[in-house]
Amino acid sequence: MTSIAIVGAGPQLGLAISRTFGSRGFDVALISRSRDNLDTLVGKLTAEGITAAAFPADVIDRAALDQALRDAASKFGGIDVLEYSPVGTFDSTALTTPTGTDPAHVQLQIEFQLYGAITATRAVLPAMREAGAGTLLYTTGAGSIDPVPQVANVNAAAAALRNWAINLHKELDGTGIQAAHVGIDVSIGTPALPGFPTAQPDEISPVYWDLHTTKRDQAELVFSR
């Protein structure tokens, strides 16, 4: 049986990706901070006939994230696909402009986005190397590509993750392991700003399946309207 681990699993994109892979026979490991939220997602997926389990962990807690992924691999016999897409909430995330940014504003975002992704990758990549197969997918907003001054600190960390993911794709070329970045240039579900393009999660999630299957040579896909 194949499995996918979704780090930062939530009720929108994370659930949609779970359905996209789960409906094709994948077991689904869901990782995020809230046990209650994860249990709700597991209940929804189970009702749809998808095997899923919750592994609570905060991506900033590297030891906890590493253990959650190891527990998921133990339960499902390995992790074939890693998808990394944690999202901070507006009430917990300080948003700064370039001139309003100090190192501490970027440091938390780097911990959240880049260091969490590296930790997750280190937990699953050795087994993928041994198997000669696997997929590593990393998600950011499109500000990692075309930054927006109002969220400069978030964009800086997202750009670091994008750079690292694309470089990882280059390093792993020829190993049977796919690594790719997904840039999302829309609001998911509801508009973040009036007039900003919007897409539903189930419109976006097929991108991840494509990168795992028919587009394994691509280091990046950007979803836009």
Side-chain angles (χ1 to χ4, degrees), residues 1-11 13-46 48-87 111-139 161 164-165 168-169 171-182 205 207-213 216:
M1 184 65 72
T2 50
S3 63
I4 180 171
I6 299 174
V7 180
L13 185 58
L15 181 58
I17 295 171
S18 299
R19 286 170 169 154
T20 294
F21 281 80
S23 65
R24 292 167 169 85
F26 276 67
D27 293 333
V28 180
L30 300 171
I31 300 172
S32 72
R33 287 175 293 181
S34 171
R35 161 67 77 172
D36 289 344
N37 291 345
L38 290 177
D39 286 345
T40 297
L41 298 179
V42 169
K44 289 181 178 180
L45 293 169
T46 300
E48 297 171 17
I50 296 171
T51 300
F55 302 89
D58 189 331
V59 298
I60 294 177
D61 185 338
R62 297 178 204 167
L65 177 56
D66 178 83
Q67 189 60 54
L69 284 160
R70 294 183 188 280
D71 289 346
S74 178
K75 180 175 179 62
F76 292 132
I79 300 298
D80 301 279
V81 179
L82 171 71
E83 193 279 318
Y84 187 87
S85 56
V87 177
E111 293 275 356
F112 189 69
Q113 299 197 58
L114 179 61
Y115 295 170
I118 292 173
T119 299
T121 303
R122 289 175 64 85
V124 302
L125 183 55
M128 290 182 179
R129 282 190 181 276
E130 185 174 347
T135 299
L136 305 161
L137 303 173
Y138 308 91
T139 305
L161 173 54
W164 182 81
L168 181 62
H169 175 90
E171 180 186 358
L172 294 176
D173 183 40
T175 66
I177 303 167
Q178 155 71 321
H181 170 253
V182 179
S205 59
V207 166
Y208 296 83
W209 183 254
D210 290 345
L211 284 168
H212 172 60
T213 55
R216 295 183 65 82

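We count residues from 1, following the sequence as given.
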Donor + acceptor pair across side chains of [X], [Y] (<3.5 Å):
X: Thr2; Y: Arg24; answer: no
X: Tyr138; Y: Ser85; answer: no
X: His212; Y: Gln178; answer: no

Once rounded to the nearest 0.5 Å, what's the spacing between atom [atom1] of [X] and atom [atom2] of [Y]?
X: Leu15; Y: Leu13; atom1: CG; atom2: CG; result: 9.5 Å
X: Thr175; Y: Met128; atom1: OG1; atom2: CE; result: 10.5 Å
X: Asp61; Y: Glu111; atom1: CG; atom2: CD; result: 10.5 Å
X: Asp39; Y: Ser34; atom1: CG; atom2: OG; result: 8.0 Å
X: Leu69; Y: Leu125; atom1: CG; atom2: CG; result: 12.0 Å
X: Thr139; Y: His181; atom1: OG1; atom2: NE2; result: 7.0 Å

Check whether any side-chain heavy atom of [X] lies under 4.5 Å from a side-chain heavy atom of [Y], and answer yes or no.
X: Asp27; Y: Phe21; result: no
X: Thr51; Y: Val28; result: no
X: Leu114; Y: Ile118; result: yes
X: Thr135; Y: Ile177; result: no
X: Ser18; Y: Ile6; result: yes
X: Thr20; Y: Tyr208; result: no
X: Ile17; Y: Ile4; result: yes
X: Phe55; Y: Leu30; result: no

Exercise. Counting distance only, does the side-chain N/O of His169 pair as donor-acceptor with the main-chain N or O of Ala179 below 3.5 Å?
Worked result: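 Between the backbone of Ala179 and the side chain of His169 there is a qualifying donor-acceptor contact (under 3.5 Å).
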
Exercise. Does any N or O in the side chain of Arg19 come within less than 3.5 Å of the main-chain N or O of Glu48, such that one atom is a donor and the other an acceptor?
Worked result: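 Side chain of Arg19 to backbone of Glu48, a donor-acceptor pair under 3.5 Å: no, none is there.
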
For this session: Kindly indicate, with the supporting measurements, whether the criterion side-chain contact (heavy atoms from CB on, under 4.5 Å) is fulfilled by Val59 and Tyr84.
Result: CA-CA 10 Å; Val59 298; Tyr84 187 87; 3.7 Å; yes

Nearest heavy-atom pair of [X] and [Y]: which atoms, and what distance?
X: Ala57; Y: Ala64; answer: CB-O, 3.6 Å
X: Phe76; Y: Ser3; answer: CB-CB, 3.9 Å
X: Ile31; Y: Ala68; answer: CD1-CB, 4.2 Å
X: Arg216; Y: Gly134; answer: NH2-O, 2.8 Å
X: Arg33; Y: Pro56; answer: O-CB, 4.2 Å
X: Gly116; Y: Leu65; answer: O-CD2, 3.5 Å

Problem set entry | Trace of the salt bridge (charged side-chain N to carboxylate O under 4.0 Å, His left out) decision for Lys75 with Asp71 | CA-CA 6 Å; Lys75 180 175 179 62; Asp71 289 346; over 6 Å; no

Problem set entry | Salt-bridge present (Asp66, Arg70; N to O < 4.0 Å) |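 Counted as a salt bridge, because a side-chain N and a carboxylate O are separated by less than 4.0 Å.
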
